[in-house]
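Remarks on the structure that follows.
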Amino acid sequence: MKWLPLVSSAQLEDVIERSKDRLCLIFKHSFTCNISAMAKSRLEKGWSFGEEEIEPYFLDLHTYRALSNQLAERFEVFHESPQVLLIRQGACIYDASHLDIDPAELKLVVAESADY
């Protein structure tokens, strides 16, 4: 799994545009939170998607808090950390936080989204 850093509002707009061609996952991470570290590790160990299926983006919550707030507003989700947002066609089709971040559940959501 190769994380792509998400660091700016302009880049977020690019991610939204890219989500029209492929799924994009944004992982909001706090380096000071043990739950966040565990969720990240579980996600990485369970990751089975190819680069052509999902582009995974990593947001350092502390460094880019304003961008994290922008994500919450843009996708109409409550801000949480850790948190994943799955973006398709410019919309958040799935979000999970804390220990609800589950690679198996993500696989189900991805499979279901292929039917649209």
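Positions are given from 1, in the same order as the sequence printed here. Since the structure is predicted, the reported quantities are computational estimates derived from the model, not experimental observations.
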Handout entry: Check against side-chain contact (heavy atoms from CB on, under 4.5 Å), L106 and L86
Key = CA-CA 9 Å; L106 184 59; L86 187 63; 4.0 Å; yes
Which atom pairs, one a donor and one an acceptor, fall under 3.5 Å between side chains of residues 3-10 and the rest of the protein, sequence neighbours left out?
residue	atom	partner	partner atom	Å
W3	NE1	E44	OE2	2.6
S8	OG	Q11	N	3.0
S9	OG	Q70	OE1	2.5

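- When atom types are taken as modelled, the side chain of Q89 and the backbone of D21 share no donor-acceptor pair closer than 3.5 angstrom.
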Practice task
Walk me through it: do K28 and R65 pass the test side-chain contact (heavy atoms from CB on, under 4.5 Å)?
Solution key: CA-CA 10 Å; K28 294 172 29 178; R65 179 58 193 247; over 6 Å; no
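- Residues V84 and L59 do not share a hydrophobic cluster, defined by chaining ILVMFWY side chains whose heavy atoms lie under 4.5 Å apart.
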Handout entry: Step-by-step side-chain contact (heavy atoms from CB on, under 4.5 Å) determination, L61 to H29
Key = CA-CA 5 Å; L61 179 62; H29 178 61; 6.0 Å; no
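- W47 and V109 fall within the same hydrophobic cluster, defined by Ile, Leu, Val, Met, Phe, Trp and Tyr side-chain heavy atoms under 4.5 Å apart, directly or through other members.
- Contact check for I87 versus L23: no side-chain heavy atoms found under the 4.5 Å cut-off.
- Side-chain N or O atoms of R42 include one that pairs as donor or acceptor with a backbone N or O of I101 at under 3.5 Å.
- Contact of the L71 side chain with the I26 side chain is registered, since non-hydrogen atoms from C-beta on lie closer than 4.5 Å.
- Checked by atom type and distance alone, the side chain of S19 pairs as donor or acceptor with a backbone atom of I16 at under 3.5 Å.
- The shortest side-chain heavy-atom distance between C24 and Y57 falls under the 4.5 Å cut-off.
- Looking at R74, its side chain never comes within 3.5 Å of a backbone N or O of E13 through a donor-acceptor pair.
- Between the CG atom in L25 and the CZ atom in R88 there is a gap of 15.0 Å [rounded to 0.5 Å].
- Under a hydrophobic-cluster definition in which Ile, Leu, Val, Met, Phe, Trp and Tyr are linked whenever side-chain heavy atoms come within less than 4.5 Å, directly or via other members, Y64 and F75 are assigned to the same cluster.
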N/O donor to acceptor pairs below 3.5 angstrom from side-chain atoms of residues 90-98, sequence neighbours left out:
residue	atom	partner	partner atom	Å
S97	OG	E80	OE1	3.1
S97	OG	E80	OE2	3.2
H98	NE2	S81	O	3.1

Exercise for the section: Take K107 and F49, measure what side-chain contact (heavy atoms from CB on, under 4.5 Å) needs, and give me the verdict at the end. Expected result: CA-CA 9 Å; K107 288 177 193 176; F49 302 102; 3.7 Å; yes
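- Side-chain contact between F27 and P82: present, with at least one pair of heavy atoms (C-beta onward) separated by less than 4.5 Å.
- Salt-bridge formation is detected for the pair R18/E55: a Lys NZ or Arg NE/NH1/NH2 atom is positioned less than 4.0 Å from an Asp or Glu carboxylate oxygen.
- H62 and F31 have their aromatic ring centers separated by at least 6.0 angstrom.
- Residue I54 holds its CD1 atom at 8.0 Å from CE of M1, rounded to the nearest 0.5 Å.
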